[in-house]
Amino acid sequence: MEKIFIAGVIFASMIPFVFADVYIQNDQQYIGDDGSIHIVGEIVNNLDIPLNQIYVQIDLFDENQQLIQTKETNSLVNTIMPGMKGPFDLILTNNEAKNVKSYTMEINYQVSPPKSQVIDITESVLSRDSHNNLMITGTVANNGEITANMVSIVATLYDKQGNVAAVSSVNPEPDYLRAEDSAFFVLSVLDKIQTEEINDYTLIAESEEFAAVPEFPIGTVILLILTLSAYIGITRYSGKIITNLFSATNLK
């Protein structure tokens, strides 16, 4: 903790203090079709810098508030750009979750170098097939000047209360896009029980080289350029936030 505080003092003039600006929202837990328990939510980046190597550490407690075990899950979006979100999904088996009554969550991340935001979802449609399977079809485009490799599309689906109801991701075929090229994708959400609650969704596409649109505001671009030198000295700079205690007993 001392190292993080010192780093924050050294670079305070270059980088905003992080703890209040990266947080989890719209999280909830549900039981899937296979009986496993999912803890889902989305990580919000309200900083002026991108983040990567993002994972959520979840401590599971019994009815006496004794720690049972600690689990980790990654953000499905590898780089969360300023003002954007990345969903997560921790899956617990029945055996792992049988004594869990509550949990706490902690976010860990590192500062990322800037990425051009040129990977764009140009169209999408939410539909169901004849077997009531929910799917999202659409087109992803590379508006950059070089090939985008390992392209992925991440969907966050919401219920009527605005909570995360399910998450899913897919790589188009092929999983690379040449400059100014586009590809069709089909993203399936396999949990039929949970998809009955779906009311809305968002999509984010990214690649190894690029991030999702919209592009940075000009002021943010300038800020990122000015702070890039500071990134070298804070490669291992990370932020953490512990959420409030949530009840895991009223599973949907």
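Just so it is clear, the structure is predicted and the values come from calculations on it, not from any experiment.
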ask   = Does one hydrophobic cluster hold both Y201 and V170, with members joined at side-chain heavy-atom distances below 4.5 Å?
value = yes

Sorted by chain and number, sequence neighbours left out, side-chain contact (heavy atoms from CB on, under 4.5 Å) with D33 holds for D191, K192, I193

Side-chain donor or acceptor of T156 paired with backbone N/O of T202 under 3.5 Å = no

message = The test is side-chain contact (heavy atoms from CB on, under 4.5 Å); show your working for V40 and F88 and say whether it passes.
response = CA-CA 6 Å; V40 294; F88 64 88; 5.6 Å; no

In this structure, CD1 of I198 is separated from NZ of K160 (nearest 0.5 Å) by 11.5 Å

* Asked: Do I91 and Y103 belong together in a cluster built from hydrophobic side chains that touch within less than 4.5 Å?
  -> no

Here the salt bridge (charged side-chain N to carboxylate O under 4.0 Å, His left out) pairs for residues 121-150, sequence neighbours left out, are none

Less than 4.5 Å apart, side chain to side chain, heavy atoms only: is that true for N199 and D159? no

* Asked: Same cluster or not: are M135 and L76 linked, directly or through other Ile, Leu, Val, Met, Phe, Trp or Tyr residues, by side-chain heavy atoms under 4.5 angstrom apart?
  -> no

| message | Can a side-chain donor-acceptor contact be found between D120 and T122 if the only test is distance below 3.5 angstrom? | response | no

Let me have the donor-acceptor pairs involving side chains of residues 175-185, under 3.5 Å, with sequence neighbours excluded, atom names and distances please.
none

Would a single hydrophobic cluster contain both I68 and L90, if residues Ile, Leu, Val, Met, Phe, Trp and Tyr are joined by side-chain heavy-atom contacts under 4.5 Å? yes

So salt bridge (charged side-chain N to carboxylate O under 4.0 Å, His left out) across residues 55-72, not counting sequence neighbours, yields K71-E96

- request: Look at the side chain of E206 and the backbone N and O of V151, then say whether any donor-acceptor pair between them is shorter than 3.5 Å.
  value: no

Candidate pair V154 and S169, rule side-chain contact (heavy atoms from CB on, under 4.5 Å), full reasoning
CA-CA 4 Å; V154 177; S169 64; 4.0 Å; yes

Applying side-chain contact (heavy atoms from CB on, under 4.5 Å) to L190 and not counting sequence neighbours gives S188

> Has the side chain of Q28 got a donor or acceptor atom that lies under 3.5 Å from a matching backbone atom of V164?
Replying inline: yes

Residues passing the side-chain contact (heavy atoms from CB on, under 4.5 Å) test with A155, sequence neighbours excluded, are I136, L157, L187, L203

N94 side chain to K98 main-chain N or O, any donor-acceptor pair under 3.5 Å? no

Checklist entry - Can you check side-chain contact (heavy atoms from CB on, under 4.5 Å) on I58 and M105, steps first, answer last? => result CA-CA 5 Å; I58 302 179; M105 297 185 290; 3.8 Å; yes

Under 3.5 Å, is there a donor-acceptor pair between the Y109 and S75 side chains? no

Side chain to side chain donor-acceptor pair (under 3.5 Å) between E42 and Y158, intermediate numbers included:
CA-CA 11 Å; E42 52 190 352; Y158 304 91; 2.9 Å; yes

Say whether N78 and E208, considering side chains only, have a donor N or O and an acceptor N or O under 3.5 Å apart. no

*Indicate whether the side chain of Q57 and that of T70 have a donor and an acceptor atom separated by less than 3.5 Å.*
no

NZ of K85 to CG of N46, rounded to nearest 0.5 Å, is 9.0 Å

Self-check item: Same apolar cluster (I L V M F W Y, side chains within < 4.5 Å links), I119/I146
Solution: yes

Would you say N74 and I54 make side-chain contact, with heavy atoms under 4.5 Å?
no

Taking the side chain as C-beta and beyond, is there a heavy-atom pair between E106 and Y55 under 4.5 Å? no

